[in-house]
Amino acid sequence: MKILVTGGAGYIGSHTVVELIEAGYDVVVIDDYSNSNPSVLERVQKIVSQNDSADCGEISEIVEGDVCDYEAVKGIFDRHDIEAVIHFAGFKAVGESVEKPLMYYQNNLGATMNLIRVMEEAGVKRIIFSSSATVYGMNNEAPFDESMPTSCTNPYGWTKLMSEQILSDAAVADESFRPVLLRYFNPVGAHPSGLIGENPRGIPNNLMPYVQQVASGIREKLTVFGDDYDTPDGTGVRDYIHVVDLAKGHVKALEWSLKSDEQGCAVFNLGTGRGTSVVELVTAFAEINEVPVPYVIGPRRAGDIATCYADASRAEKVLGWKAEKNIEDMCRDAWRWETGREQ
Ligand code: WQD
């Protein structure tokens, strides 16, 4: 029995493949390398090879392919006895989605629908979907909980919310189909080995990779997008979660899904439940890593909300999962990855 991980060479996907293997699962990966590269999986192999536990799983097959490609995905289910799917594959740049909405809808929704079609044909009933706290939109007050109304302000966010809806409707049509929707808050950091981490192409959209590049001298300075929000220091507050904690949350969600007989869609926030401001994060990063991170205050970024952090109690209660790493761990591991130091 194996787990299919789509987008398994990506940032969160690769960290999840490590945790799955170390938890004893065999994994099949499909990735089109549009935002990653094959060397990531070579380094995943290096990490898990350092774990000499006999209970470790392995990567059974790596497929370079598009999850929208019916034959490519069907071939995986023909060759392997897939027990469940963890679906990461998708475009994820908010700004790019505003410029190229059709590309995002075609790719992200097409992948989800193709995957469900092949799963139905193969009789595979479990899927863990990579969703996002972005679905909580602009009209909720933090802490966000899973019962809150959802809405989106950009095509990327809509592809996440629409994929949730597609999975939910598929579960109504087939009571044995059991999707689990995981809404991530702000994933940051890297595996402590320093071998895998976030590798954004071009100018980073997100805060932490931008801070890393300022600290390493690739970028001159950080622009803080606004310091006039209704927050303690005026800068945006977010729920930063270590990517290894996030990856472990997927293993817990999988274990729960495989033994649960709860019908329909299950939704869980994966966050720490703690908010950290931009200036707090930048200050922590500079102090912990003893490296200057120069910044200037600039105008607000369109579409940003002041405060976003999770009510993470449902994942703790139902999945038995809770984030364990703190901001210091996130900053230290992010910097080790950025500077290429191996532990
Ligand atoms: C965090 C804070 C910015 C960059 C995004 C996506 C969301 C999800 C996570 C995929 C905010 C501030 C940022 C910079 C800054 N991705 N900032 N200067 O916007 O909370 O969420 O990533 O699911 O969909 O929207 O994350 O890292 O972009 O911003 O001041 O150069 O840092 O204003 O307060 P965000 P972020």
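Quick caveat, the model's predicted, so the values are computed rather than measured. Order of listing sets the numbers, starting from 1, for every ligand and every atom in it. Residue numbers run from 1 in the order of the sequence given.
His87 places none of its side-chain heavy atoms less than 4.5 Å from the side chain of Ser163. In this structure, the side chains of Val85 and Ile3 stay at 4.5 Å or more apart for every pair of heavy atoms. Thr339 places a side-chain heavy atom less than 4.5 Å from the side chain of Trp335.
Other residues, nucleotides and ligands place no more than 12 heavy atoms under 6.0 Å from the OH atom of Tyr295.
No path of Ile, Leu, Val, Met, Phe, Trp and Tyr side chains, each step under 4.5 Å between heavy atoms, connects Val29 with Phe129, placing them in separate hydrophobic clusters.
Sequence neighbours left out, the pairs with a member in residues 17-27 that pass side-chain hydrogen bond (donor to acceptor under 3.5 Å, both in side chains) are Glu19-Lys248.
Pocket lining of ligand 1, defined as residues with a non-hydrogen atom under 4.0 Å away: Val94, Ser132, Thr134, Tyr156, Asn186, Asn205, Asn206, Leu207, Leu222, Thr223, Val224, Phe225, Gly236, Arg238, Tyr240, Val278, Arg301, Asp304.
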